[in-house]
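One-based numbering, in listed order, for ligands and for the atoms of each. Since this is a predicted model, take the numbers as computed values, not measurements.
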Amino acid sequence: MLSLKRILLIVDGPGVMTHTASLVTSLLRQGVAMRVALTESARLLVGDYFTTMLSGTPLIRFPEISEKILGDSDAVLAAPVSEKMAWLLCEDDWLAKWKHVKGPVMIAPAFLPQEDNAEVRMMLSSRGGGAVQWLMAEDETTDMGSLGSLDVASPERCLEAAMTAMTKQDLAGKRILITAGPTVEDFDPVRFVTNRSTGRMGVALARMAAWRGADVTIVHGPMTWPIPPHGGIHACPVRSAQSMYDAVMARVAYMDLAILCAAVADFTPINYSNVKIKKQKSADGVFSLEMKRTPDILDSIGHASGRRPFLVGFAAESDHVQAYAQAKLESKNCDMLCANDVTKPGSGFAVGTNQVTVFKRDGSVVELPQMSKEDVARRVLDIALEGMSHRAAN
Ligand code: PMT
(Lines give C-alpha, C1' and ligand atoms only; values in the text may rest on other atoms or scores of the structure.)
Protein backbone atom coordinates (compact mmCIF):
# COMPACT_ATOMS: atom_id res chain seq x y z
CA MET A 1 0.00 0.00 0.00
CA LEU A 2 1.16 3.52 -0.76
CA SER A 3 1.92 5.34 2.47
CA LEU A 4 0.60 8.88 2.92
CA LYS A 5 2.73 11.39 1.06
CA ARG A 6 2.84 15.16 0.98
CA ILE A 7 4.21 17.31 -1.79
CA LEU A 8 4.77 21.02 -2.19
CA LEU A 9 3.95 22.13 -5.74
CA ILE A 10 5.44 25.46 -6.88
CA VAL A 11 4.07 26.99 -10.06
CA ASP A 12 5.25 30.06 -11.93
CA GLY A 13 4.03 31.77 -15.11
CA PRO A 14 1.68 30.51 -17.83
CA GLY A 15 2.46 26.83 -17.09
CA VAL A 16 -0.23 27.20 -14.41
CA MET A 17 -2.80 27.03 -17.22
CA THR A 18 -1.38 23.95 -18.91
CA HIS A 19 0.10 21.76 -16.16
CA THR A 20 -1.46 22.56 -12.80
CA ALA A 21 -4.99 21.11 -13.09
CA SER A 22 -3.66 17.85 -14.48
CA LEU A 23 -0.80 17.60 -11.96
CA VAL A 24 -2.94 18.43 -8.94
CA THR A 25 -5.74 16.02 -9.88
CA SER A 26 -3.41 13.16 -10.79
CA LEU A 27 -1.40 13.58 -7.56
CA LEU A 28 -4.64 13.59 -5.55
CA ARG A 29 -5.75 10.46 -7.41
CA GLN A 30 -2.56 8.78 -6.21
CA GLY A 31 -3.44 9.69 -2.63
CA VAL A 32 -0.83 12.45 -2.35
CA ALA A 33 -1.71 15.44 -0.16
CA MET A 34 -0.33 18.77 -1.32
CA ARG A 35 0.20 22.46 -0.80
CA VAL A 36 0.41 24.68 -3.86
CA ALA A 37 2.52 27.83 -3.98
CA LEU A 38 1.89 30.23 -6.88
CA THR A 39 4.12 33.10 -7.94
CA GLU A 40 2.65 36.52 -8.69
CA SER A 41 2.64 35.82 -12.45
CA ALA A 42 0.82 32.49 -12.02
CA ARG A 43 -1.78 34.13 -9.72
CA LEU A 44 -2.45 36.82 -12.32
CA LEU A 45 -3.37 34.14 -14.85
CA VAL A 46 -5.63 31.86 -12.79
CA GLY A 47 -6.77 33.76 -9.72
CA ASP A 48 -6.36 32.70 -6.11
CA TYR A 49 -9.34 30.32 -5.88
CA PHE A 50 -8.20 28.06 -8.73
CA THR A 51 -5.59 26.02 -6.88
CA THR A 52 -7.37 26.27 -3.51
CA MET A 53 -10.46 24.66 -5.02
CA LEU A 54 -8.43 22.04 -6.90
CA SER A 55 -6.07 21.00 -4.13
CA GLY A 56 -8.46 21.53 -1.24
CA THR A 57 -5.81 23.44 0.73
CA PRO A 58 -5.21 27.19 1.10
CA LEU A 59 -3.01 28.77 -1.55
CA ILE A 60 0.53 29.81 -0.63
CA ARG A 61 1.84 33.02 -2.19
CA PHE A 62 5.39 32.36 -3.32
CA PRO A 63 7.92 33.07 -1.73
CA GLU A 64 6.00 32.91 1.59
CA ILE A 65 6.80 29.23 2.21
CA SER A 66 7.30 28.46 5.90
CA GLU A 67 9.88 26.09 7.33
CA LYS A 68 7.00 24.03 8.70
CA ILE A 69 5.53 23.48 5.23
CA LEU A 70 8.96 22.56 3.88
CA GLY A 71 9.57 20.19 6.81
CA ASP A 72 6.18 18.52 6.30
CA SER A 73 6.87 17.86 2.61
CA ASP A 74 8.18 14.54 1.30
CA ALA A 75 9.17 16.29 -1.94
CA VAL A 76 9.02 19.62 -3.74
CA LEU A 77 7.96 19.84 -7.36
CA ALA A 78 8.51 23.21 -9.05
CA ALA A 79 6.67 22.59 -12.31
CA PRO A 80 6.66 24.49 -14.48
CA VAL A 81 8.76 27.52 -13.58
CA SER A 82 10.35 30.16 -15.77
CA GLU A 83 14.06 29.99 -16.47
CA LYS A 84 14.60 33.05 -14.23
CA MET A 85 12.77 31.37 -11.37
CA ALA A 86 14.73 28.13 -11.90
CA TRP A 87 17.99 30.04 -11.36
CA LEU A 88 16.50 31.71 -8.28
CA LEU A 89 15.54 28.36 -6.74
CA CYS A 90 19.20 27.32 -6.91
CA GLU A 91 20.54 30.36 -5.05
CA ASP A 92 22.11 29.80 -1.65
CA ASP A 93 19.16 30.95 0.46
CA TRP A 94 16.81 28.54 -1.35
CA LEU A 95 19.33 25.69 -1.24
CA ALA A 96 19.44 26.20 2.54
CA LYS A 97 15.63 26.01 2.70
CA TRP A 98 15.51 22.79 0.67
CA LYS A 99 17.46 21.08 3.48
CA HIS A 100 14.21 21.06 5.52
CA VAL A 101 12.40 18.93 2.91
CA LYS A 102 12.34 15.18 3.66
CA GLY A 103 12.93 14.15 0.03
CA PRO A 104 14.07 15.56 -3.30
CA VAL A 105 13.42 18.95 -4.88
CA MET A 106 12.49 18.61 -8.55
CA ILE A 107 12.47 21.56 -10.95
CA ALA A 108 10.89 21.55 -14.42
CA PRO A 109 12.00 24.78 -16.14
CA ALA A 110 10.04 26.12 -19.11
CA PHE A 111 11.81 27.63 -22.12
CA LEU A 112 10.56 29.45 -25.18
CA PRO A 113 11.11 26.93 -28.02
CA GLN A 114 12.25 29.58 -30.51
CA GLU A 115 15.24 30.50 -28.33
CA ASP A 116 18.41 28.59 -29.08
CA ASN A 117 19.31 28.07 -25.46
CA ALA A 118 20.91 24.62 -25.36
CA GLU A 119 23.90 26.08 -23.51
CA VAL A 120 21.70 27.80 -20.92
CA ARG A 121 19.76 24.58 -20.43
CA MET A 122 22.98 22.68 -19.83
CA MET A 123 24.35 25.29 -17.41
CA LEU A 124 21.07 25.36 -15.52
CA SER A 125 20.87 21.60 -15.19
CA SER A 126 24.26 21.53 -13.46
CA ARG A 127 23.04 24.00 -10.76
CA GLY A 128 21.86 23.02 -7.32
CA GLY A 129 24.42 20.29 -6.72
CA GLY A 130 22.83 17.12 -5.42
CA ALA A 131 19.98 19.10 -3.85
CA VAL A 132 18.01 19.51 -7.07
CA GLN A 133 16.71 16.98 -9.58
CA TRP A 134 16.14 18.59 -12.99
CA LEU A 135 13.22 17.62 -15.20
CA MET A 136 14.34 19.11 -18.51
CA ALA A 137 12.08 19.07 -21.59
CA GLU A 138 12.70 16.09 -23.86
CA ASP A 139 11.17 16.96 -27.22
CA GLU A 140 8.10 18.13 -25.32
CA THR A 141 6.33 21.30 -26.42
CA THR A 142 3.28 22.59 -24.60
CA ASP A 143 0.83 24.61 -26.69
CA MET A 144 -0.58 27.68 -24.89
CA GLY A 145 -2.91 29.03 -27.56
CA SER A 146 -2.36 32.70 -28.37
CA LEU A 147 0.48 32.89 -25.82
CA GLY A 148 2.61 30.60 -28.02
CA SER A 149 4.29 27.49 -26.71
CA LEU A 150 6.82 26.32 -24.13
CA ASP A 151 9.46 23.61 -24.02
CA VAL A 152 8.82 21.96 -20.69
CA ALA A 153 8.54 18.46 -19.21
CA SER A 154 4.94 17.25 -19.64
CA PRO A 155 2.60 16.96 -16.61
CA GLU A 156 2.70 13.17 -17.08
CA ARG A 157 6.51 13.08 -16.84
CA CYS A 158 6.47 15.40 -13.80
CA LEU A 159 3.94 13.07 -12.15
CA GLU A 160 6.05 9.97 -12.84
CA ALA A 161 9.15 11.69 -11.41
CA ALA A 162 7.28 12.89 -8.32
CA MET A 163 5.73 9.49 -7.59
CA THR A 164 9.09 7.76 -8.03
CA ALA A 165 10.74 10.27 -5.69
CA MET A 166 8.16 9.55 -3.01
CA THR A 167 8.15 5.75 -3.32
CA LYS A 168 10.42 3.38 -1.39
CA GLN A 169 13.06 2.12 -3.85
CA ASP A 170 12.85 -1.54 -2.88
CA LEU A 171 13.20 -2.72 -6.50
CA ALA A 172 16.28 -0.59 -7.27
CA GLY A 173 18.85 -2.59 -9.21
CA LYS A 174 16.27 -5.17 -10.33
CA ARG A 175 15.67 -5.78 -14.05
CA ILE A 176 12.09 -6.67 -14.78
CA LEU A 177 10.54 -7.83 -18.04
CA ILE A 178 6.80 -7.45 -18.45
CA THR A 179 4.63 -8.52 -21.39
CA ALA A 180 1.42 -6.60 -21.95
CA GLY A 181 -1.50 -6.09 -24.27
CA PRO A 182 -2.87 -8.30 -27.01
CA THR A 183 -1.01 -9.75 -29.96
CA VAL A 184 -2.30 -9.23 -33.47
CA GLU A 185 -2.24 -12.04 -36.03
CA ASP A 186 -2.58 -10.70 -39.57
CA PHE A 187 -3.98 -12.75 -42.43
CA ASP A 188 -4.26 -10.12 -45.17
CA PRO A 189 -3.24 -6.42 -45.41
CA VAL A 190 -6.44 -5.26 -43.68
CA ARG A 191 -7.60 -8.12 -41.46
CA PHE A 192 -6.32 -9.76 -38.33
CA VAL A 193 -7.23 -11.86 -35.29
CA THR A 194 -6.74 -10.30 -31.84
CA ASN A 195 -8.37 -10.11 -28.38
CA ARG A 196 -9.80 -7.62 -25.89
CA SER A 197 -6.65 -6.83 -23.86
CA THR A 198 -5.99 -3.08 -23.53
CA GLY A 199 -2.59 -3.45 -21.86
CA ARG A 200 -3.78 -1.66 -18.73
CA MET A 201 -2.83 -4.45 -16.28
CA GLY A 202 0.65 -4.84 -17.82
CA VAL A 203 1.24 -1.08 -17.86
CA ALA A 204 0.18 -0.87 -14.19
CA LEU A 205 2.81 -3.53 -13.36
CA ALA A 206 5.48 -1.66 -15.35
CA ARG A 207 4.60 1.66 -13.76
CA MET A 208 4.50 0.43 -10.16
CA ALA A 209 7.81 -1.41 -10.66
CA ALA A 210 9.44 1.71 -12.15
CA TRP A 211 8.20 3.86 -9.26
CA ARG A 212 9.93 1.37 -6.93
CA GLY A 213 13.22 1.85 -8.77
CA ALA A 214 13.26 -1.15 -11.14
CA ASP A 215 14.64 -1.05 -14.64
CA VAL A 216 11.62 -2.22 -16.63
CA THR A 217 11.33 -3.54 -20.16
CA ILE A 218 7.77 -3.82 -21.39
CA VAL A 219 7.31 -5.97 -24.48
CA HIS A 220 3.84 -5.15 -25.71
CA GLY A 221 1.44 -5.74 -28.54
CA PRO A 222 -0.66 -2.89 -30.00
CA MET A 223 -2.28 -1.46 -26.86
CA THR A 224 -4.98 1.12 -26.32
CA TRP A 225 -3.66 1.99 -22.84
CA PRO A 226 -0.68 4.41 -22.90
CA ILE A 227 2.75 3.74 -21.40
CA PRO A 228 3.65 6.60 -19.05
CA PRO A 229 6.78 8.64 -19.81
CA HIS A 230 9.10 7.22 -17.15
CA GLY A 231 12.86 6.99 -17.67
CA GLY A 232 12.89 3.55 -16.02
CA ILE A 233 10.44 2.03 -18.52
CA HIS A 234 11.81 0.84 -21.87
CA ALA A 235 9.11 -0.04 -24.36
CA CYS A 236 9.56 -2.74 -26.96
CA PRO A 237 6.54 -2.73 -29.28
CA VAL A 238 5.74 -5.93 -31.18
CA ARG A 239 2.70 -7.20 -33.10
CA SER A 240 2.33 -10.96 -33.39
CA ALA A 241 2.81 -13.78 -30.89
CA GLN A 242 5.94 -14.85 -32.79
CA SER A 243 7.45 -11.33 -32.62
CA MET A 244 6.62 -11.14 -28.89
CA TYR A 245 8.30 -14.53 -28.41
CA ASP A 246 11.43 -13.34 -30.28
CA ALA A 247 11.66 -10.04 -28.34
CA VAL A 248 11.16 -11.72 -24.97
CA MET A 249 13.57 -14.59 -25.57
CA ALA A 250 16.30 -12.16 -26.69
CA ARG A 251 16.07 -10.28 -23.38
CA VAL A 252 14.86 -12.65 -20.69
CA ALA A 253 18.20 -14.19 -19.69
CA TYR A 254 19.30 -10.78 -18.35
CA MET A 255 16.24 -10.28 -16.16
CA ASP A 256 15.69 -10.83 -12.44
CA LEU A 257 11.92 -11.07 -12.76
CA ALA A 258 9.60 -11.71 -15.70
CA ILE A 259 5.86 -11.11 -15.44
CA LEU A 260 3.93 -12.34 -18.45
CA CYS A 261 0.67 -10.47 -18.47
CA ALA A 262 0.07 -10.24 -22.24
CA ALA A 263 -2.93 -11.95 -23.78
CA VAL A 264 -0.90 -13.79 -26.39
CA ALA A 265 -2.77 -15.40 -29.27
CA ASP A 266 -2.73 -19.18 -28.94
CA PHE A 267 -3.34 -19.58 -32.67
CA THR A 268 -2.22 -17.68 -35.76
CA PRO A 269 -3.43 -17.99 -39.37
CA ILE A 270 -1.37 -20.50 -41.34
CA ASN A 271 -1.40 -18.40 -44.52
CA TYR A 272 -1.00 -14.68 -45.11
CA SER A 273 -2.44 -13.21 -48.31
CA ASN A 274 -0.44 -10.26 -49.71
CA VAL A 275 -3.63 -8.90 -51.27
CA LYS A 276 -6.97 -8.24 -49.60
CA ILE A 277 -9.02 -11.44 -49.67
CA LYS A 278 -12.15 -10.89 -51.80
CA LYS A 279 -15.48 -11.79 -50.29
CA GLN A 280 -16.54 -13.36 -53.60
CA LYS A 281 -14.10 -16.19 -52.79
CA SER A 282 -16.69 -17.48 -50.38
CA ALA A 283 -19.51 -18.59 -52.69
CA ASP A 284 -21.52 -20.24 -49.87
CA GLY A 285 -21.13 -17.25 -47.51
CA VAL A 286 -18.72 -19.16 -45.25
CA PHE A 287 -15.11 -18.13 -44.76
CA SER A 288 -12.75 -20.50 -42.97
CA LEU A 289 -9.41 -19.52 -41.55
CA GLU A 290 -6.91 -22.28 -40.93
CA MET A 291 -4.77 -21.62 -37.89
CA LYS A 292 -1.79 -23.17 -36.13
CA ARG A 293 -0.41 -22.94 -32.57
CA THR A 294 1.89 -20.05 -31.66
CA PRO A 295 4.99 -20.53 -29.49
CA ASP A 296 4.15 -20.44 -25.77
CA ILE A 297 6.42 -17.80 -24.24
CA LEU A 298 5.70 -18.58 -20.58
CA ASP A 299 6.20 -22.28 -21.12
CA SER A 300 9.45 -21.70 -23.04
CA ILE A 301 10.95 -19.59 -20.23
CA GLY A 302 9.68 -22.00 -17.59
CA HIS A 303 11.40 -24.93 -19.29
CA ALA A 304 14.54 -23.12 -20.51
CA SER A 305 17.83 -24.52 -19.34
CA GLY A 306 20.32 -22.26 -17.57
CA ARG A 307 19.67 -19.09 -15.59
CA ARG A 308 16.14 -17.84 -15.73
CA PRO A 309 14.35 -15.03 -13.89
CA PHE A 310 11.73 -15.47 -11.19
CA LEU A 311 8.77 -16.25 -13.41
CA VAL A 312 5.23 -14.95 -12.95
CA GLY A 313 2.39 -15.89 -15.28
CA PHE A 314 -1.11 -14.53 -15.56
CA ALA A 315 -4.12 -16.66 -16.41
CA ALA A 316 -7.36 -15.40 -17.89
CA GLU A 317 -9.97 -17.96 -16.89
CA SER A 318 -13.73 -18.10 -17.27
CA ASP A 319 -14.45 -21.27 -15.27
CA HIS A 320 -12.73 -23.73 -12.89
CA VAL A 321 -10.32 -20.88 -12.07
CA GLN A 322 -8.45 -22.62 -9.28
CA ALA A 323 -8.01 -25.97 -11.07
CA TYR A 324 -6.92 -24.42 -14.39
CA ALA A 325 -4.58 -21.94 -12.69
CA GLN A 326 -2.90 -24.67 -10.62
CA ALA A 327 -2.48 -26.76 -13.76
CA LYS A 328 -0.89 -23.83 -15.64
CA LEU A 329 1.49 -23.11 -12.76
CA GLU A 330 2.67 -26.73 -12.84
CA SER A 331 2.74 -27.34 -16.58
CA LYS A 332 4.43 -24.04 -17.50
CA ASN A 333 6.84 -24.40 -14.56
CA CYS A 334 6.48 -20.84 -13.26
CA ASP A 335 7.11 -19.58 -9.74
CA MET A 336 3.81 -17.76 -9.36
CA LEU A 337 0.56 -17.56 -11.29
CA CYS A 338 -1.97 -14.72 -11.06
CA ALA A 339 -5.40 -15.92 -12.10
CA ASN A 340 -8.21 -13.53 -12.95
CA ASP A 341 -11.77 -14.62 -13.62
CA VAL A 342 -12.50 -12.62 -16.75
CA THR A 343 -16.25 -13.25 -16.51
CA LYS A 344 -16.58 -11.36 -13.19
CA PRO A 345 -17.67 -7.71 -13.49
CA GLY A 346 -14.74 -5.40 -12.67
CA SER A 347 -12.15 -8.09 -13.38
CA GLY A 348 -9.95 -8.97 -16.35
CA PHE A 349 -10.05 -7.26 -19.75
CA ALA A 350 -10.60 -3.56 -20.44
CA VAL A 351 -11.62 -2.36 -16.97
CA GLY A 352 -9.77 -0.27 -14.36
CA THR A 353 -10.01 -2.92 -11.64
CA ASN A 354 -9.04 -6.56 -11.32
CA GLN A 355 -9.59 -9.44 -8.93
CA VAL A 356 -6.60 -11.73 -8.84
CA THR A 357 -5.78 -14.91 -6.95
CA VAL A 358 -2.08 -15.66 -6.67
CA PHE A 359 -0.97 -19.31 -6.74
CA LYS A 360 2.55 -19.91 -5.48
CA ARG A 361 4.98 -22.73 -6.09
CA ASP A 362 4.92 -23.82 -2.44
CA GLY A 363 1.18 -24.50 -2.75
CA SER A 364 0.04 -21.38 -0.89
CA VAL A 365 -2.68 -19.19 -2.34
CA VAL A 366 -3.24 -15.43 -1.83
CA GLU A 367 -6.70 -14.22 -2.76
CA LEU A 368 -6.59 -10.49 -3.40
CA PRO A 369 -9.76 -8.41 -3.22
CA GLN A 370 -11.05 -6.55 -6.26
CA MET A 371 -9.07 -3.32 -6.49
CA SER A 372 -7.54 -0.93 -9.01
CA LYS A 373 -5.07 -2.53 -11.45
CA GLU A 374 -2.35 -0.35 -9.89
CA ASP A 375 -3.07 -1.75 -6.43
CA VAL A 376 -3.14 -5.30 -7.86
CA ALA A 377 0.24 -4.55 -9.46
CA ARG A 378 1.66 -3.35 -6.13
CA ARG A 379 0.54 -6.53 -4.38
CA VAL A 380 1.76 -8.84 -7.16
CA LEU A 381 5.18 -7.13 -7.02
CA ASP A 382 5.27 -7.46 -3.20
CA ILE A 383 4.55 -11.20 -3.43
CA ALA A 384 7.08 -11.68 -6.25
CA LEU A 385 9.76 -9.77 -4.33
CA GLU A 386 9.15 -11.97 -1.29
CA GLY A 387 9.44 -15.07 -3.49
CA MET A 388 12.67 -13.78 -5.06
CA SER A 389 14.24 -13.15 -1.64
CA HIS A 390 13.14 -16.59 -0.51
CA ARG A 391 14.65 -18.19 -3.62
CA ALA A 392 17.92 -16.26 -3.16
CA ALA A 393 18.15 -17.42 0.46
CA ASN A 394 17.76 -21.12 -0.48
O1 PMT B 1 -4.85 -5.74 -20.74
P2 PMT B 1 -6.07 -5.56 -19.86
O3 PMT B 1 -7.27 -5.03 -20.62
O4 PMT B 1 -5.76 -4.74 -18.62
O5 PMT B 1 -6.49 -7.01 -19.34
C6 PMT B 1 -5.66 -7.71 -18.47
C7 PMT B 1 -5.61 -9.23 -18.78
C8 PMT B 1 -6.98 -9.82 -18.59
C9 PMT B 1 -5.14 -9.44 -20.23
C10 PMT B 1 -4.56 -9.85 -17.80
O11 PMT B 1 -4.96 -9.63 -16.49
C12 PMT B 1 -4.38 -11.34 -18.04
O13 PMT B 1 -5.12 -12.16 -17.56
N14 PMT B 1 -3.35 -11.71 -18.86
C15 PMT B 1 -3.13 -13.10 -19.30
C16 PMT B 1 -4.04 -13.40 -20.44
C17 PMT B 1 -3.82 -14.77 -21.04
O18 PMT B 1 -3.45 -14.85 -22.16
O19 PMT B 1 -4.03 -15.79 -20.25
P20 PMT B 1 -3.82 -17.36 -20.70
O21 PMT B 1 -4.44 -18.11 -19.60
O22 PMT B 1 -4.33 -17.55 -22.09
O23 PMT B 1 -2.26 -17.54 -20.72
C24 PMT B 1 -1.53 -17.99 -19.56
C25 PMT B 1 -0.17 -17.37 -19.53
O26 PMT B 1 0.61 -17.82 -20.65
C27 PMT B 1 -0.13 -15.85 -19.59
O28 PMT B 1 0.90 -15.42 -18.74
C29 PMT B 1 0.23 -15.55 -21.05
O30 PMT B 1 0.94 -14.30 -21.18
C31 PMT B 1 1.12 -16.75 -21.38
N32 PMT B 1 1.13 -17.13 -22.80
C33 PMT B 1 -0.01 -17.58 -23.41
C34 PMT B 1 0.05 -17.99 -24.74
C35 PMT B 1 1.29 -17.94 -25.43
N36 PMT B 1 1.39 -18.30 -26.71
N37 PMT B 1 2.38 -17.49 -24.80
C38 PMT B 1 2.33 -17.09 -23.50
O39 PMT B 1 3.34 -16.69 -22.91
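- Tyr324 meets the ring-ring contact (aromatic ring centres under 6.0 Å, His included) test with His320; sequence neighbours excluded.
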Practice task
Before giving the answer on side chain to side chain contact (heavy atoms under 4.5 Å, CB included), spell out for Glu317 and Lys328 the whole-Å C-alpha distance, their side-chain angles and the decisive distance to 0.1 Å.
Solution key: CA-CA 11 Å; Glu317 304 296 352; Lys328 271 182 194 164; 2.8 Å; yes
Write out each pair where an N or O from ligand 1 and one from the protein are under 3.5 Å apart, with the distance.
from	atom 1	to	atom 2	distance (Å)
ligand 1	1 (O)	Ser197	OG	2.6
ligand 1	1 (O)	Thr198	N	3.2
ligand 1	1 (O)	Gly199	N	2.8
ligand 1	3 (O)	Thr198	N	2.9
ligand 1	3 (O)	Thr198	OG1	2.6
ligand 1	3 (O)	Ala350	N	2.8
ligand 1	4 (O)	Arg200	N	3.3
ligand 1	4 (O)	Met201	N	2.9
ligand 1	4 (O)	Lys373	NZ	2.7
ligand 1	11 (O)	Asn340	OD1	2.6
ligand 1	13 (O)	Asn340	OD1	3.3
ligand 1	13 (O)	Asn340	ND2	2.9
ligand 1	14 (N)	Cys261	O	2.9
ligand 1	19 (O)	Ala316	N	3.2
ligand 1	21 (O)	Ala316	N	3.3
ligand 1	21 (O)	Lys328	NZ	2.4
ligand 1	26 (O)	Lys332	NZ	3.1
ligand 1	28 (O)	Leu260	O	2.6
ligand 1	28 (O)	Phe314	N	3.0
ligand 1	28 (O)	Phe314	O	3.0
ligand 1	30 (O)	Ala262	O	2.7
ligand 1	36 (N)	Thr294	OG1	3.4
ligand 1	36 (N)	Pro295	O	3.0
ligand 1	37 (N)	Ile297	N	3.1
ligand 1	39 (O)	Ile297	N	3.3
ligand 1	39 (O)	Leu298	N	2.9

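- For Lys360, the side-chain contact (heavy atoms from CB on, under 4.5 Å) partners at least two apart in sequence or on another chain are Met336, Val358, Asp362, Ser364, Val366, Ile383, Glu386.
- Considering Asp382, Thr167, Thr164 in turn, Asp382 is the only one that fulfils the side-chain hydrogen bond (donor to acceptor under 3.5 Å, both in side chains) rule with Arg212.
- Residues satisfying the side-chain contact (heavy atoms from CB on, under 4.5 Å) test with Ala210, not counting sequence neighbours, are Val216, His230, Ile233.
- Under a hydrophobic-cluster definition in which Ile, Leu, Val, Met, Phe, Trp and Tyr are linked whenever side-chain heavy atoms come within less than 4.5 Å, directly or via other members, Ile297 and Val193 are assigned to different clusters.
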